[in-house]
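Here's the structure, in structure tokens; my notes come after.
Quick note on labels: first sequence line is chain A, next is B, and so on, each numbered from 1. Small disclaimer: the values here were computed from a predicted structure and weren't measured. Only heavy atoms go into these numbers, but all of them, side chains included; no hydrogens, no water, no symmetry mates.
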Amino acid sequence: MENKRVRLRYAPSPTGPQHIGGIRTALFSYLFAKKHGGDFILRIEDTDQTRFVKGAEEYIIESLNWCGIKIDEGVSVGGPHAPYRQSERKALGIYQKYAEQLVKDDFAYYAFDTGEELDEMRKRLEAAKVVAPQYNSVSRQNMKNSLTLSEDEVKKLLSENVPYVIRLKVPRSEEIRFHDIIRGWVVVNSSQVDDKVLLKSDGMPTYHLAHIVDDILMEITHAVRGEEWLPSAPAHMLIYRYLGLESTMPQYAHLPLLLKPDGNGKLSKRDGDRLGFPTFPLDWTDPATGELSSGYREKGYFPEAFINILVLLGWNPGTVQELFTLEELAQLFTFERVSKSGAKFDPEKAKWFNQQYLRKKSDEEIAALFLPLLKEHLPAGSPLLESKYVTTFCKLIKEKAHFVNEFWSLGSYFFIAPESYDADVLKKRWNEQSEKFMLVLTDNYKAIDNFTAAETENIFKQTGEQTGVAVGTVMQLLRVLLTGVGGGPMLFEMMELLGKKETLQRLETALTKVKN
RNA sequence: GGCCCGUUCGUCUAGGGGUUAGGACACCAGAUUUUCAUUCUGGUAACAGGGGUUCGAUUCCCCUACGGGCUACCA
């Protein structure tokens with residue numbers, strides 16, 4: 001065990017898009033694997049044919065790719081343990097073999113009860129005031145299974161192809177102890193565990209059997225999953241034991257859940273956009289209803305920011321560092337620093353993270369991201385699409401933004417002269433004095449050639465002295481005359497970028513318009 | 001209902017028997033930039049409650065409360 005190569009898998013069910021909790025599970029698994037120089041495997045658990053959703057598998061792969069989580073082995077890349085899709089593994093008879101072995105060893109049994117019979121059993125137990133009606137060591141005695149039927153009867157039913165399931169034969173009362181990396185020892189009495197179905201009547205394994213068989217065959221060393229699996233973990237321990245695989249079973253880590261920010265319950269796929277922030281990494285269109293759920297990618301989040309947000313939900317490095325690259329995380333990550341309690345997603349902090357990464361990026365990188373968006377607003381071939389202009393624009397505007405996709409609404413006036421002017425600022429600052437100042441300023445600007453930020457600022461101050469106007473009272477007004485709005489990036493830097501001609505033109509236009 | 005897991009500022013969290021209980025986001029204030037914003041500085045704000053154990057508990061134990069999970073031939 002000690003020298004085994006570390007291998008972790010992310011094993012989602014393709015029932016739709018993965019929500020951010022699932023991606024976090026994948027991320028933690030990936031980080032742990034990489035920290036120990038091991039492998040990250042993607043396995044698709046498509047054992048429920050009724051819930052299969054087309055496109056879900058592709059979505060999962062694309063999501064992981066976007067996050068920068070590299071799949072070493074799995075459905076998309078293959079590997080020594082292929083196939084990695086459980087439906088295909090079932091076709092190979094892999095699970096059936098294990099289930100039959102358990103029956104043979106008297107750790108499992110055939111059950112022929114129909115759905116109606118199961119319903120009746122539950123009703124009967126409820127009527128008898130049984131607190132937790134379940135198919136277990138007691139109730140199984142009154143059901144139709146290979147424990148109550150004679151050997152001949154069982155053989156007959158089997159030969160007649162009567163549908164059956166294989167159930168785990170859970171002992172009546174036995175303490176089951178298991179160790180969780182995050183929670184320590186957990187003890188449950190087997191009387192609380194029901195006789196779980198291992199093999200369904202359609203021949204497919206249930207999650208309980210399938211994940212164990214595959215984790216063993218794929219040599220998984222650490223099984224990471226959400227806390228919602230904790231109650232069924234004792235059953236899983238029993239299966240390992242009955243299969244004689246306890247010594248090679250993976251260590252389990254049950255992660256705290258991601259909670260709905262509005263109070264109660266775990267975050268769910270169905271939350272969609274209801275909460276005002278995306279629940280999914282990427283946009284997803286439901287193939288059945290056509291309904292669109294938005295994703296972080298399309299909302300304008302950088303993948304670096306996205307994983308940074310996720311990793312800090314339930315984990316921390318124990319230092320004050322908050323910004324990490326994937327590589328750094330792969331160095332720092334440990335399960336010891338994963339907390340036990342659920343975490344709510346904070347949309348405000350998420351924006352802050354994206355802003356941090358926005359500021360980290362070079363102006364050239366950002367310009368490349370913004371250019372396609374800009375092209376939607378400008379005619380092809382516009383001189384304003386020129387690289388230097390756009391790059392400088394990005395340099396100025398990024399200080400004001402959280403997302404690249406805010407750039408246009410924040411700074412469209414860099415590309416289109418304003419049509420109207422902020423009425424509040426005008427009301428407050430426009431008067432004879434300031435008008436005089438602007439006229440003198442216009443003349444002064446006309447007279448200079450090097451229209452740099454430093455120079456225009458100088459002239460601006462000089463004009464203040466010249467006219468006896470306190471420049472603080474006209475600075476924002478000048479901004480409004482040039483851009484229409486009261487806020488924006490550094491004023492003189494902005495003027496430099498606009499250039500002398502454009503600046504003067506806007507100033508003159510504004511002066512005539514505002515007068516009326 | 002039963003079983004399991006949890007509980008530090010509004011949120012994410014650090015800490016851990018003796019601390020002014022630390023940081024981050026958000027919020028507020030001041031400073032600076034003779035503009036808005038940025039930035040900087042400061043501030044408001046938390047150990048769920050009750051019992052123990054102890055010289056001393058937020059920290060360890062128990063109970064209660066609250067929150068969450070599970071209770072399918074779903075994962």
Residue met sooner reading RNA chain B from 5', once Val320(A) and Gly487(A) are mapped to nucleotides: Val320(A)
Closest-nucleotide ordering on RNA chain B, the 5'-leading residue of Asp194(A) and Gln355(A): Gln355(A)
Determine which nucleotide pairs with [N], using a 3.5 Å limit on both distances of a Watson-Crick or G-U wobble pair.
N	answer
A72(B)	none
A46(B)	none
U32(B)	none
C66(B)	G6(B)
C55(B)	G18(B)
A24(B)	U11(B)

Listed nucleotide nearest any side-chain atom of [X], set [options]:
X	options	value
Leu313(A)	G1(B), C4(B), C12(B)	C12(B)
Asp346(A)	G1(B), C12(B), U11(B)	U11(B)
Val165(A)	U38(B), C74(B), C73(B)	C73(B)
Asp48(A)	C74(B), U13(B), C73(B)	C74(B)

Let me know the distance between [atom1] of [X] and [atom2] of [N], rounded to the nearest Å.
X	N	atom1	atom2	answer
Met490(A)	U39(B)	CE	C1'	11 Å
Glu493(A)	C36(B)	CD	C1'	16 Å
Arg183(A)	G68(B)	CZ	P	16 Å
Lys196(A)	A72(B)	NZ	P	8 Å
Arg43(A)	A75(B)	CZ	C1'	12 Å
Tyr135(A)	U71(B)	OH	C1'	17 Å
Leu198(A)	A72(B)	CG	P	16 Å
Lys344(A)	U7(B)	NZ	P	14 Å

Just N and O in the side chain of [X]: are any of them under 4.0 Å from OP1 or OP2 of [N]?
X	N	answer
Arg167(A)	C73(B)	yes
Lys200(A)	A75(B)	yes
Arg337(A)	G15(B)	yes
Asn316(A)	A14(B)	yes
Lys266(A)	C70(B)	yes

Determine the interatomic distance between [atom1] on [N] and the same-named atom on [M]; round to the nearest Å.
N	M	atom1	result
G22(B)	U58(B)	C1'	14 Å
G51(B)	A57(B)	P	12 Å
U7(B)	U19(B)	P	23 Å
U20(B)	G50(B)	P	23 Å
C63(B)	C27(B)	C1'	38 Å
A21(B)	U13(B)	C1'	13 Å
U35(B)	U44(B)	C1'	29 Å
U38(B)	A48(B)	P	34 Å

Taking only Lys NZ, Arg NE, NH1 and NH2, and the carboxylate oxygens of Asp or Glu, determine whether [X] and [Y] approach each other closer than 4.0 Å.
X	Y	answer
Arg241(A)	Glu174(A)	yes
Lys361(A)	Glu304(A)	yes
Asp46(A)	Arg85(A)	no
Asp271(A)	Lys260(A)	yes
Glu227(A)	Lys340(A)	no

Within residues 468-481 of chain A, residues whose heavy atoms come under 4.0 Å of RNA chain B: Val471(A), Gly472(A), Met475(A), Gln476(A), Arg479(A)
Any donor-acceptor N/O pair under 3.5 Å between C73(B) base and Ser201(A) side chain: yes
Check: Leu477(A) and Met438(A) side chains under 4.5 Å, non-hydrogen atoms: yes
Aromatic ring pairing Phe403(A)/Tyr301(A), orientation class (parallel under 30°, perpendicular over 60°, tilted between): perpendicular
Mutual orientation of the aromatic rings belonging to Phe333(A) and Phe28(A) [parallel < 30°, tilted 30-60°, perpendicular > 60°]: tilted
Results of salt bridge (charged side-chain N to carboxylate O under 4.0 Å, His left out) for Asp202(A) - residues two or more places apart only: none
Sugar-phosphate, base or nothing in reach of Asp46(A), heavy atoms under 4.0 Å: nothing
Proximity of Phe460(A) and Phe492(A) rings by center, below 6.0 Å: yes
